Novice: 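Pasting in a structure now, in structure tokens, and then I'll have a few things to ask.
Here the structure is a predicted model, which is why all the values come from computation and not from measurement. In what follows, residues are counted from 1 in the order of the sequence shown.
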Amino acid sequence: ENMIVNTDPRKCTSIVTYTKPVGKDNCSIFGNGQISGIGPGGMFPKGITTNLFYTEDGAHLKDSCSFTVTVNDLEAPLILCPSNMEVHIAPGTCNAAVNYTKPLGTDNCSIYENSQISGLGPNSHFPVGITSNIFVTEDLSHLKDTCRFNILVVRDSTNWSVTSCNSYLWNGILYTASGKYIQSFL
């Protein structure tokens with residue numbers, strides 16, 4: 001009888017036990033054996049394995065039987081993101097170069113794809129504010145996991161504000177990004 005099992009935890013295989021078929025005859029059995037597949041208590045890989053057995057009697061008449069063992073992977077992959085980050089930038093600066101290690105998924109079998117679906121990649125220039133970075137990993141069984149972390153870019157001073165990436169307001173006075181006086185609002 002065909003069997004369906006799941007992979008063992010954190011493995012891409014399953015140890016499967018079954019009773020090995022034994023031939024019967026009205027006279028005598030000359031031999032029994034396994035032609036292909038994996039024996040009882042063996043480690044079966046993910047997928048379908050066909051086990052083929054034979055029996056032969058004293059008159060050299062033969063018979064065979066087979067069954068399949070299907071090992072399914074139902075264990076989802078795992079992806080872990082870095083912790084949330086907070087980066088401080090100086091007045092007049094519009095963004096911050098932020099480096100982080102790109103999250104990569106792990107799986108009991110194999111990863112099919114790692115992808116970033118939102119945010120900015122490592123070594124990118126992050127704008128002032130919160131940027132959410134979302135990553136997804138998918139295994140060959142099309143099971144998925146997602147992780148998310150935020151990068152918060154904060155300006156260090158409360159006495160100024162950027163009016164554009166080319167200028168900033170400091171204590172009521174507008175300056176260019178290089179610090180040149182433009183206009184007073186006092």
Novice: Rounded to the nearest 0.5 Å, what's the gap from CG on Asp57 to NZ on Lys24? Could you check?
Specialist: 15.0 Å

Novice: Mind checking whether Ile111 and Leu140 sit in one hydrophobic cluster, side chains of I, L, V, M, F, W, Y counted as touching below 4.5 Å?
Specialist: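 No: no chain of side-chain contacts under 4.5 Å links Ile111 to Leu140.
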
Novice: Could you pull out the closest heavy-atom pair between Pro122 and Asn99, with the gap in Å?
Specialist: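 Shortest heavy-atom contact: CB-OD1, 3.8 Å.
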
Novice: If you compare all heavy atoms of Lys11 against all heavy atoms of Glu75, which two are closest, and at what distance to 0.1 Å?
Specialist: N-OE1, 4.5 Å

Novice: Just to verify, what does Thr146 make a side-chain contact (heavy atoms from CB on, under 4.5 Å) with, not counting sequence neighbours?
Specialist: Ile134, Val136

Novice: If you look only at pairs with a residue in residues 92-139, which of them pass as a ring-ring contact (aromatic ring centres under 6.0 Å, His included), with sequence neighbours excluded?
Specialist: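 Residue pairs with at least one partner in residues 92-139: Tyr100-Phe149.
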
Novice: When rounded to the nearest 0.5 angstrom, what distance separates CG in Asn84 from CG in Asn150?
Specialist: 4.5 Å

Novice: To the nearest 0.5 angstrom, please state how far the OG1 atom of Thr137 sits from the NZ atom of Lys144.
Specialist: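 Here the rounded value is 10.5 Å.
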
Novice: Mind listing the closest non-hydrogen atom pair of Ile15 and Gly41 along with its distance?
Specialist: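 Answer, listing the atom of Ile15 first, then Gly41: CG2-O, 3.5 Å.
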
Novice: Measure the shortest side-chain to side-chain distance between Gln116 and Asn133 over non-hydrogen atoms and say whether it is less than 4.5 angstrom.
Specialist: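 Yes; the side chains approach each other to less than 4.5 Å.
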
Novice: Could you state the interatomic distance from SG (Cys81) to NZ (Lys102), rounded to the nearest 0.5 Å?
Specialist: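 One finds 11.5 Å between SG of Cys81 and NZ of Lys102.
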
Novice: Check for me, please, whether Val128 and Val87 land in the same ILVMFWY cluster - side-chain distances under 4.5 Å, paths through other members count.
Specialist: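 Both belong to a single hydrophobic cluster.
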
Novice: Out of curiosity, Asn72 CG to Lys46 NZ, how far, rounded to the nearest 0.5 Å?
Specialist: 8.5 Å

Novice: In the structure I gave you, are the side-chain heavy atoms of Pro103 and Pro82 within less than 4.5 Å of one another anywhere?
Specialist: yes

Novice: Asp139 and side chain to side chain contact (heavy atoms under 4.5 Å, CB included): which single residue from Asp145, Asp73, Thr106 fits?
Specialist: Asp73

Novice: Determine which pairs satisfy disulfide bond (SG atoms under 2.5 Å apart) with at least one residue from residues 14-76, sequence neighbours left out, and list them in order.
Specialist: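 Passing the test, one end in residues 14-76: no pairs.
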
Novice: Using every non-hydrogen atom in the two residues, find where Thr50 and Ser66 come nearest and quote the distance to one decimal.
Specialist: CG2-CB, 4.3 Å

Novice: My understanding is that only residues two or more places apart in sequence, or in another chain, count here; which of them pass ring-ring contact (aromatic ring centres under 6.0 Å, His included) with Phe30?
Specialist: His60

Novice: Search all heavy atoms of Ala96 against all heavy atoms of Val153 and return the closest pair with its distance.
Specialist: CB-CG1, 4.1 Å

Novice: State plainly whether one hydrophobic cluster holds both Met43 and Ile38, where clusters connect Ile, Leu, Val, Met, Phe, Trp and Tyr through side-chain heavy atoms under 4.5 angstrom apart.
Specialist: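 No, no single cluster joins them.
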
Novice: So, using side-chain contact (heavy atoms from CB on, under 4.5 Å) as the criterion, who are the partners of Leu80 when residues are at least two apart?
Specialist: Leu78

Novice: Once you round to the nearest 0.5 Å, how far does OG of Ser14 lie from CD1 of Ile4?
Specialist: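 Rounded to the nearest 0.5 Å, the OG-CD1 separation comes to 12.5 Å.
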
Novice: List for me each residue that meets side-chain contact (heavy atoms from CB on, under 4.5 Å) alongside Phe67, sequence neighbours excluded, and say none if there are none.
Specialist: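 Phe67: side-chain contact (heavy atoms from CB on, under 4.5 Å) contacts with Asn2, Met3, Tyr18, Asn51, Phe53, Val69.
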
Novice: Of all heavy-atom pairs between Ile89 and Cys94, which one has the smallest distance, and what is that distance?
Specialist: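 In terms of heavy atoms, the two residues are closest at CD1-C, 4.3 Å.
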
Novice: Do you reckon Tyr54 sits in the same ILVMFWY cluster as Leu52, going by side-chain contacts under 4.5 Å, direct or chained?
Specialist: yes

